[in-house]
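In what follows, every heavy atom counts, from backbone to side chain, and hydrogens, waters and symmetry copies are set aside.
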Amino acid sequence: MDYDLEARHVHIEDDGEILTMGFSDDQFAPRKYVLLQKALKPDEQERKLGLDKIHIEVQDQGRSGYGGVSSIRYSPSRLLIELSEAARKCLDISGNIRIVLPNDTGAVGDMPVALFRASNGEFALDLQA
């Protein structure tokens with residue numbers, strides 16, 4: 001079964017070192033959320049340990065891991081994150097992650113650039129208009 005989230009809040013932060021994209025059902029008291037983080041300048045040790053891959057967290061820290069994103073498809077209203085079988089097991093999801101994005105233009109407008117920076121050839125990226 002897919003993990004479905006109707007995001008009412010989207011947060012994107014890029015401090016030049018770490019890129020963070022958060023999606024939640026509520027800004028202040030989320031019950032469901034998806035968090036994507038990517039080290040933009042990983043060092044050699046991080047690369048050796050696999051920490052240079054995108055980090056994904058779903059619902060709580062116990063359901064998280066590095067890598068395992070096969071592809072991301074973006075449209076202004078939706079985000080589909082396709083996962084490898086290993087990532088599905090790690091995240092305790094039997095399918096993929098489907099996020100309905102809010103209609104406001106805030107952080108969602110920055111999403112294509114953030115996704116492009118996060119992908120860095122690690123996974124297939126489809127940015128639809």
Practice task
Answer whether the closest heavy-atom distance between the side chains of Y74 and M111 falls below 4.5 Å.
Solution key: yes

Practice task
Tell me whether V69 is reachable from L125 by hopping between hydrophobic residues (I, L, V, M, F, W, Y) whose side-chain heavy atoms are closer than 4.5 Å.
Solution key: yes

Exercise for the section: Measure the CD1-OG distance between I54 and S119 for me, rounded to the nearest 0.5 Å. Expected result: 8.5 Å

Completion exercise
Rounded to the nearest 0.5 Å, the SG atom of C90 sits from the CD atom of E57 at a distance of 10.5 Å

Handout entry: Any P102 side-chain heavy atom under 4.5 Å of V10 side chain
Key = yes

Problem - Spatial distance of atom OG (S64) from atom CD (Q59) [nearest 0.5 Å] - result: 12.5 Å

Practice task
Might you point out which heavy atoms bring I12 and A114 nearest each other, and give the distance in Å?
Solution key: CG2-CB, 3.9 Å

Problem - Within-4.5 Å side-chain heavy-atom neighbours: R47 and D43 - result: no

Handout entry: N96 (side chain) donor-acceptor with L83 (main chain) under 3.5 angstrom
Key = yes

Exercise for the section: May I have the step-by-step check of side-chain contact (heavy atoms from CB on, under 4.5 Å) for D14 and L40, ending in yes or no? Expected result: CA-CA 9 Å; D14 182 346; L40 298 174; 3.3 Å; yes

Problem - Side-chain donor/acceptor of K38 to backbone N/O of D52, under 3.5 Å - result: yes

Practice task
Would you check if the side chain of D15 reaches a backbone N or O of E17 as a donor-acceptor pair within less than 3.5 Å?
Solution key: yes

Completion exercise
Heavy-atom closest pair (P112 atom, L127 atom, distance to 0.1 Å) is O-CD1, 3.9 Å

Problem - Hydrophobic cluster identity match, L101 and Y33, side-chain contacts under 4.5 Å - result: no

Practice task
Return the minimal non-hydrogen interatomic distance between S84 and S70, and the atom names on each side.
Solution key: N-OG, 3.5 Å

Problem - S24 OG to I99 CD1 distance, which is reported to the nearest 0.5 Å - result: 10.0 Å

Handout entry: N/O donor-acceptor pair under 3.5 Å between D60 side chain and R63 backbone
Key = yes

Practice task
Return yes when atom CZ of R78 has more than 12 non-hydrogen atoms of other residues, nucleotides or ligands closer than 6.0 Å, and no otherwise.
Solution key: no

Practice task
Examine L51 and L91 and state if one hydrophobic cluster contains both, with Ile, Leu, Val, Met, Phe, Trp and Tyr joined whenever side-chain heavy atoms are less than 4.5 Å apart.
Solution key: no

Exercise for the section: Determine, step by step, whether E13 and T20 satisfy the side-chain hydrogen bond (donor to acceptor under 3.5 Å, both in side chains) criterion, reporting the C-alpha distance in whole Å, the side-chain angles of both residues, the deciding distance to 0.1 Å, and the verdict. Expected result: CA-CA 5 Å; E13 184 175 337; T20 302; 5.8 Å; no

Problem - N-O pairing of D4 and R98 below 4.0 Å - result: yes

Handout entry: Flag side-chain contact, heavy atom, 4.5 Å: I97 against V58
Key = yes

Completion exercise
Distance col, row R88:CZ vs I93:CD1, nearest 0.5 angstrom, shows 9.0 Å

Fill in the blank from the handout: Tightest non-hydrogen contact, residues S71 and E82, listed as OG-OE1, 2.7 Å

Exercise for the section: For the pair K32 and E6, find out whether any cationic side-chain nitrogen is under 4.0 Å from an anionic carboxylate oxygen. Expected result: no

Handout entry: Path from F116 to L19 over hydrophobic side-chain contacts below 4.5 Å
Key = yes

Practice task
Apply salt bridge (charged side-chain N to carboxylate O under 4.0 Å, His left out) to D25 and R31, showing your working.
Solution key: CA-CA 7 Å; D25 61 354; R31 290 176 306 200; 3.7 Å; yes

Practice task
State, with a plain yes or no, whether a side-chain heavy atom of H11 is found less than 4.5 Å away from one of H9.
Solution key: yes

Practice task
Check the pair D26, R8 against salt bridge (charged side-chain N to carboxylate O under 4.0 Å, His left out), reporting the backbone distance first and the verdict last.
Solution key: CA-CA 6 Å; D26 187 85; R8 292 194 172 99; over 6 Å; no

Exercise for the section: Output yes when E44 and K48 qualify as a salt bridge under the 4.0 Å nitrogen-oxygen rule, no when they do not. Expected result: yes

Fill in the blank from the handout: On a heavy-atom basis, the closest approach of E46 and P42 is OE1-CA, 3.0 Å

Completion exercise
Rounded to the nearest 0.5 angstrom, the CZ-CG distance for F23 and L36 is 5.5 Å

Completion exercise
Between F123 and A118, the two heavy atoms sitting closest are CE2-O, 3.9 Å

Exercise for the section: With the side chain counted from C-beta on, respond yes when V34 and L79 share a heavy-atom pair under 4.5 Å apart, and no when they do not. Expected result: no

Handout entry: V100-Y3 co-clustered via ILVMFWY side chain contacts under 4.5 Å
Key = no

